[in-house]
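Heads up: the structure comes next, in structure tokens.
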Amino acid sequence: MPELPEVETIARWLREGSPEGPALLGRTFQAVEVLWPRTLAAPDPATFIARLPGRRVTAIGRRGKFLRIWLDDGAVLLLHLRMSGDLRWQPPPAAAPHPHDRLVFHFADGWRLGFNDPRKFGRVWLVNDEQTVLGDLGPEPLDPAFSAEDFYARLRRSRTRLKALLLDQRFLAGLGNIYADEALFQAGLHPLRPAHTLTPPEAERLFHAIRQVLQAGIAHHGASIDWVYRGGDFQNHFAVYRRAGQPCRRCGTPIQRLVIGQRGSHFCPHCQPPPEG
DNA sequence: ATGAAATCCTGGGGGC
DNA sequence: TGCCCCCAGGATTTCA
């Protein structure tokens, strides 16, 4: 599941080039194939196919879990990988698309960049004003301007359980199931704690834990789980995620799994004491 | 306001 | 070995 660290890794590789392929930055689109139209959130396929050729990539970045590719006509290509999305370079000569390619971008030198997405949940937008898509996102966790005080103030406004709140992209942008569980463990906070019950020290602990796990994830080039492989190895450093029944690395108590807000949640019942009731 | 449930999808895992 | 069933998981939409 690509979350903030995985998307950040992909953005860097597209910007700088990687062992898997060249940089996307500075390239000009020659053509685009739409193999699964529902991947395209906006505009409609005909408009998309007509508009992209000739456009040059001027910058590449990230907001939350969205990949942002700015074009020389002022438009922005936004990609959300959701569950199983990935971007894969294919070198020339031309060959059949990969089995789960939904969009394929073509370049003049024969390289192709495929938006590959087995589960078809990923979405792509080509818009003039990115705010129409990104407008409701919460703060960037790693933004230097975002402070522990801001975070505490936001927590106090919600009675929602911590786990569900951390996954709400309007509350905070970029966390998914893996990093939410890891951050809660790191902070020693139970996923069922109502957000407004956190003390200022607890909020500060969670704030720093979130930043720490995200930065660790980025340093490891993200996590490679299931069949989504980005070359990262953070999956070998999980403290709780998908470790139900295995001993807590800190105290040895078996890790528990609970479904919260339809999401599997993993935690140590000893290091993360449950709320009252 | 809050949250639960349904929805979209398919590869993979468990059960037999 | 193979078949069937069911499930995870992000985000949105709908229902209670």
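Within every chain, numbering begins at 1; the chains are lettered A, B, ... in the order of the sequence lines, protein sequences first and strands thereafter.
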Report which part of the nucleic acid A/Tyr241 touches: base, sugar-phosphate, or nothing (heavy-atom distance under 4.0 Å, all strands).
sugar-phosphate
Whole Å only: how far is the NZ atom of A/Lys163 from the C1' atom of B/dA4?
16 Å
What residue among A/Leu166, A/Leu184, A/Leu4, A/Leu142 forms side-chain contact (heavy atoms from CB on, under 4.5 Å) with A/Ile210?
A/Leu166
Protein-nucleotides 7-9 of chain B N/O pairs closer than 3.5 Å?
residue : atom : partner : partner atom : Å
B/dC9   : OP1  : A/Arg38 : NE           : 3.2
B/dC9   : OP1  : A/Arg38 : NH1          : 2.7
B/dC9   : OP2  : A/Arg38 : NH1          : 3.2

In chain order, what residues pass the ring-ring contact (aromatic ring centres under 6.0 Å, His included) check against A/Trp89, with sequence neighbours excluded?
A/Phe107, A/Trp111
Rounded off to whole Å, could you give me the CG-to-P distance for the A/Leu165 and B/dA1 pair?
15 Å
Taking ring-ring contact (aromatic ring centres under 6.0 Å, His included) as the test, write out the residues that go with A/Phe238, two or more places apart.
A/Phe234, A/Tyr241
Between A/Arg88 and A/Asp101, does any side-chain N to carboxylate O distance fall below 4.0 Å?
no
Ring geometry between A/Phe151 and A/Phe146 (parallel below 30°, tilted from 30 to 60°, perpendicular above 60°):
perpendicular
DNA chain C: first to last nucleotide in contact with chain A (atom under 4.0 angstrom from a heavy atom), 5' to 3', is C/dA8 to C/dA11
Find the distance A/Arg161:CZ to B/dG3:C1' and express it as a whole number of Å.
7 Å
Between A/Arg112 and A/Glu33, is the closest basic N to carboxylate O distance under 4.0 Å?
no
Whole angstrom is fine here: how far is it from CZ in A/Phe171 over to P in B/dA1?
16 Å
If the condition is side chain to side chain contact (heavy atoms under 4.5 Å, CB included), which residues does A/Asp73 pass it with, not counting sequence neighbours?
A/Arg51, A/Arg55, A/Leu71, A/Ala75
Check the distance between B/dG12's P and A/Met83's CE and give it to me in whole angstrom.
13 Å
Identify, with sequence neighbours excluded, every residue that meets salt bridge (charged side-chain N to carboxylate O under 4.0 Å, His left out) alongside A/Glu182.
none
